[in-house]
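Here is the structure we will look at, set down as structure tokens.
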Amino acid sequence: MSTIPTIESKNLSISGVFQDFYTVPDFQREYIWKKDNVTKLLEDLFEGLGLYEGELTTNSSEYFLGSIVVCPDSTHDKKTFQLIDGQQRLTTIYLIFCAIRDHIQILGDKSKAIEDLIMGSTHDVNTGDDIDKYRLSLQYDSYGANVMKCILLGKNIDRSLLQSSQSAKNIDAAWKVIQDFVSENLEDNLKNLKYFFATISNRVKLIRIESPNLSNALKVFETINERGVGLTPVDLLKNYLFIHTAKDTDREKHWLTLKNKWEELLKKLYQNNQQPLQFLRYYIISHYQIDLSNNFPEEEIFERSVEVAIFP
């Protein structure tokens, strides 16, 4: 009799979450949060945690960030997870930590506690040597990953990266919103900056759902998609491709090929000021007979792309 994989859940603070390491895998969609999403999270944190003016030391409430879904990353040590669901929120929180770190450094101080939640020490699974690595790394888009690297290193962002990836552009925009918000609401006050960090890291809570393996995690991811969490047909198509490629015995090689081809396609679209969803819609309409009496709604695009256009 086969054993049903066990899915565990843990109630963690943000500081507890970032005791471990996370990779956002190839099959994930891009970072899609816009300025309004980032601003809303920051405002919700300030209001929910009582951080607006006059409340910095008088409120002990907690803020529930929701849940994330992870599975062990077999290519790394046991403290590294693949982030299957929740990367938008976790990436934004990670950027907030970077902004607090930078503002504290501008004031001539530093915080090892913040730095430990941004980068931690682990070991090489092959040699056992100690290595330092970032708590969150993006694998789905090299342009977005390079923008994130600039932020992590405290360097100016290479503007050319923003022309080839919507994810890179969105991360850059989110970074600017966070920097401005922190500066305006904490007034570059060292005490307030450290208190803000301590409050987020200890009083923001989430549930981490741990799936035992990648295969099971992909099924969880697909189930979440089917129940509708705001993924576009392009996101669903990308996930579909990676799920089916994952069945191949030479999975890692083919995933890399798929990732590179997908990235090149998106780069060409963005450089020509075209949106992926619009391209997918026009591609299907131009190659297949589609009933346009209902204007070919968005919810039908993924179904049709799998059924007749992409996988005839």
Side-chain angles (χ1 to χ4, degrees), residues 6-25 27-52 59-73 79-100 117-118 135-138 140 144 148 167 170-171 173-175 177-178 181-182 196-212 214 216-232 235-236 239:
T6 301
I7 297 177
E8 299 180 354
S9 64
K10 295 180 181 178
N11 188 357
L12 300 170
S13 66
I14 289 298
S15 63
V17 170
F18 283 113
Q19 294 303 307
D20 297 313
F21 302 89
Y22 302 87
T23 59
V24 185
F27 53 82
Q28 274 279 26
R29 63 175 168 178
E30 297 182 330
Y31 182 81
I32 64 168
W33 269 21
K34 303 295 185 182
K35 295 180 180 179
D36 289 346
N37 303 112
V38 178
T39 300
K40 180 69 163 56
L41 176 60
L42 287 163
E43 291 176 345
D44 285 351
L45 287 173
F46 259 65
E47 182 176 355
L49 296 170
L51 290 171
Y52 280 113
N59 195 305
S60 60
S61 59
E62 295 183 342
Y63 181 87
F64 180 59
L65 194 61
S67 63
I68 62 174
V69 179
V70 303
C71 72
D73 190 329
K79 295 185 66 177
T80 302
F81 294 95
Q82 288 194 349
L83 184 57
I84 307 304
D85 184 55
Q87 70 125 329
Q88 310 294 327
R89 284 163 292 150
L90 215 58
T91 299
T92 306
I93 292 291
Y94 197 58
L95 289 171
I96 291 172
F97 284 161
C98 292
I100 298 173
L117 296 189
I118 294 174
R135 297 287 183 182
L136 180 68
S137 61
L138 312 182
Y140 56 84
M148 180 68 82
S167 182
N170 290 340
I171 291 173
W175 177 237
V177 169
I178 293 168
F181 189 94
V182 169
F196 181 42
F197 161 70
T199 302
I200 291 179
S201 61
N202 293 292
R203 285 164 42 194
V204 174
K205 304 294 180 66
L206 59 76
I207 295 174
R208 187 173 72 188
I209 301 170
E210 300 178 13
S211 181
L214 178 58
N216 186 262
L218 287 171
K219 291 177 182 177
V220 173
F221 185 79
E222 188 173 34
T223 300
I224 292 172
N225 292 342
E226 290 173 351
R227 291 176 183 172
V229 292
L231 299 186
T232 71
D235 298 324
L236 295 175
N239 182 58

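The structure presented is a predicted model; accordingly, all values stated were derived computationally and were not measured.
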Is D36 salt-bridged to K40, cutoff N-O under 4.0 Å?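 Judged by the 4.0 Å cut-off on N to carboxylate O distance, D36 and K40 do not form a salt bridge.
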
Can you give me the closest heavy-atom contact between [X] and [Y], atom names plus distance?
X	Y	answer
N202	S15	OD1-OG, 3.7 Å
I171	G144	CD1-O, 3.8 Å
A174	L95	CB-CD1, 4.2 Å
K205	S13	CD-CA, 3.5 Å
I32	N170	CA-ND2, 3.6 Å
Q88	E30	NE2-O, 3.0 Å

Quick one: are [X] and [Y] in side-chain contact, heavy atoms under 4.5 Å?
X	Y	value
L90	L206	yes
N37	V177	no
I209	I84	no

[atom2] on [Y] to [atom1] on [X], rounded to 0.5 Å:
X	Y	atom1	atom2	answer
L83	F21	CG	CZ	15.0 Å
I68	L12	CD1	CG	7.5 Å
L138	M148	CG	CE	4.5 Å
L41	Y63	CG	OH	5.5 Å
D20	K79	CG	NZ	6.0 Å
F46	T199	CZ	OG1	9.0 Å

Of all residues at least two apart in sequence or in a different chain, which pass the side chain to side chain donor-acceptor pair (under 3.5 Å) check with S201? none

With T92 via side chain to side chain donor-acceptor pair (under 3.5 Å) - residues at least two apart: Y31

Under the side chain to side chain contact (heavy atoms under 4.5 Å, CB included) rule, what do L117 and F197 come out as? Steps first, then yes or no, please. CA-CA 11 Å; L117 296 189; F197 161 70; 3.8 Å; yes

F81 ring centre to R208 NZ or CZ under 6.0 Å, with the angle to the axis within 45°? yes

Given side chain to side chain contact (heavy atoms under 4.5 Å, CB included), test T91 with W33 step by step and report yes or no. CA-CA 10 Å; T91 299; W33 269 21; over 6 Å; no

I'd like to know whether Y94 forms a ring pair (Phe, Tyr, Trp, His ring centres under 6.0 Å) with Y22, so could you lay out the CA-CA distance, the side-chain angles of the two residues, the decisive distance to 0.1 Å, and finally the verdict. CA-CA 11 Å; Y94 197 58; Y22 302 87; 9.4 Å; no

Would you check, one step at a time, whether the test side chain to side chain contact (heavy atoms under 4.5 Å, CB included) holds for I96 with F196? CA-CA 10 Å; I96 291 172; F196 181 42; 4.1 Å; yes

Go through it in stages, so that I can follow the logic: the residues are V70 and V17, the test is side chain to side chain contact (heavy atoms under 4.5 Å, CB included), and I'd like the CA-CA distance, side-chain angles, deciding distance and then a yes or no. CA-CA 11 Å; V70 303; V17 170; over 6 Å; no

